[in-house]
Amino acid sequence: MENPVGVFDSGVGGLTVLRELVAALPSERFVYLGDTARVPYGGKSAETVTRYSIEIANHLIRRHDVKLLVVACNTASSLALPTLRKIYKIPVVGMVDPCVRRAAALAGKGGIGIIGTTGTVRSGAYEEAIRAGIPAARVRAIACPLLVSLAEEGWTGNAITRAVVAEYLSPFRADPPDVLILGCTHYPVLKGAIRDFLGEGTVLIDSGEEAARVVDILLSETGARRSGGPGGVEFLVTDDPERFARIGREFFGDFLEGIHRVAL
Ligand code: DGL
């Protein structure tokens, strides 16, 4: 199927998810929309994040005829996914279920930690999915809102970032979890600092990697895979592309070409 896969996020962070999708599915075409005019979503209400998510989904479906929608933003996945799934006929993949699936395979009855934005943690979406799938697991979720700004600043491993990571994750110090779900688009770039604090005994779950696995399976199962290669990415933003291009490079791991500004 020639149609592209739609991917959206509040801004640049979702490029960590896109990077995994492109690596796993090199023949697919992707349209990525970063809502840079309205970022951050992490502290906004469920109503607002849901409204923004619907506006973006409408744009990607009506203008780009996407065959599948990936909600790369963990906050939007936690707050808006059920509504999006009710509205649209195409498959909608969020970040919560793929991460919980992986946690179930790894943790069993052990401890599962979740870190994310205030909105993600307040929603309880991860805990709910874990309770349903892994009832015996011990779960602890911690909001780490400052990590978003540190990651965008490019401070991925300096003393300040290490101190902030240590402060947020201090409840895990005495009893590190078996797995930690990195429940925010920005945290994969901070993996080193997080791993150094928790030690090798904790497996870090990257939502982009897990979502890419799920999308891969879904496209195969539904016969929607694109057969011709190679694929590519079109980048859309709702504000000036300059900052997105500069910061996004770190998150995507490559130059971003073909960025267009759109009005929703
Ligand atoms: N993309 C958001 C998330 O994964 C982080 C940035 C924001 O707060 O918008 O939750």
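Note that ligands are numbered from 1 as they come in the structure, with each ligand's atoms numbered from 1 the same way. We number each residue from 1, following the sequence as shown.
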What I want to find out is whether Arg51 reaches Glu47 closely enough, with some N-O distance under 4.0 Å, to be called a salt bridge. no
For ligand 1, would you mind listing the residues that have at least one heavy atom less than 4.0 Å away, ordered by chain and number? Asp9, Ser10, Val39, Pro40, Tyr41, Gly42, Cys73, Asn74, Thr75, Thr117, Cys184, Thr185, His186
Please table the atom pairs, donor to acceptor, closer than 3.5 Å between any side-chain atom in residues 144-165 and protein atoms at least two apart or in another chain.
| from | atom 1 | to | atom 2 | distance (Å) |
| --- | --- | --- | --- | --- |
| Glu152 | OE1 | Arg243 | NH1 | 3.3 |
| Glu152 | OE1 | Arg243 | NH2 | 3.2 |
| Glu152 | OE2 | His186 | NE2 | 2.8 |
| Asn158 | OD1 | Ile160 | N | 3.1 |
| Asn158 | OD1 | Thr161 | N | 2.9 |
| Asn158 | OD1 | Thr161 | OG1 | 3.2 |
| Thr161 | OG1 | Trp155 | O | 2.6 |
| Arg162 | NE | Gly157 | O | 2.9 |
| Arg162 | NH1 | Asp196 | OD2 | 2.9 |
| Arg162 | NH2 | Asp196 | OD2 | 3.4 |

Evaluate the side-chain proximity of Asp206 to Tyr187: yes if any heavy-atom separation is below 4.5 Å, no if none is. no
Quick one: ring pair (Phe, Tyr, Trp, His ring centres under 6.0 Å) pairs with a partner in residues 39-62, sequence neighbours left out? Tyr41-Tyr52, His59-His64
Please report, to 0.1 Å, the donor-acceptor pairs under 3.5 Å made by any side chain of residues 250-264, with sequence neighbours excluded.
| from | atom 1 | to | atom 2 | distance (Å) |
| --- | --- | --- | --- | --- |
| Arg261 | NH2 | Asp239 | OD1 | 3.4 |

Hey, are Glu210 and Arg213 close enough for a salt bridge, meaning a charged N less than 4.0 Å from a carboxylate O? yes
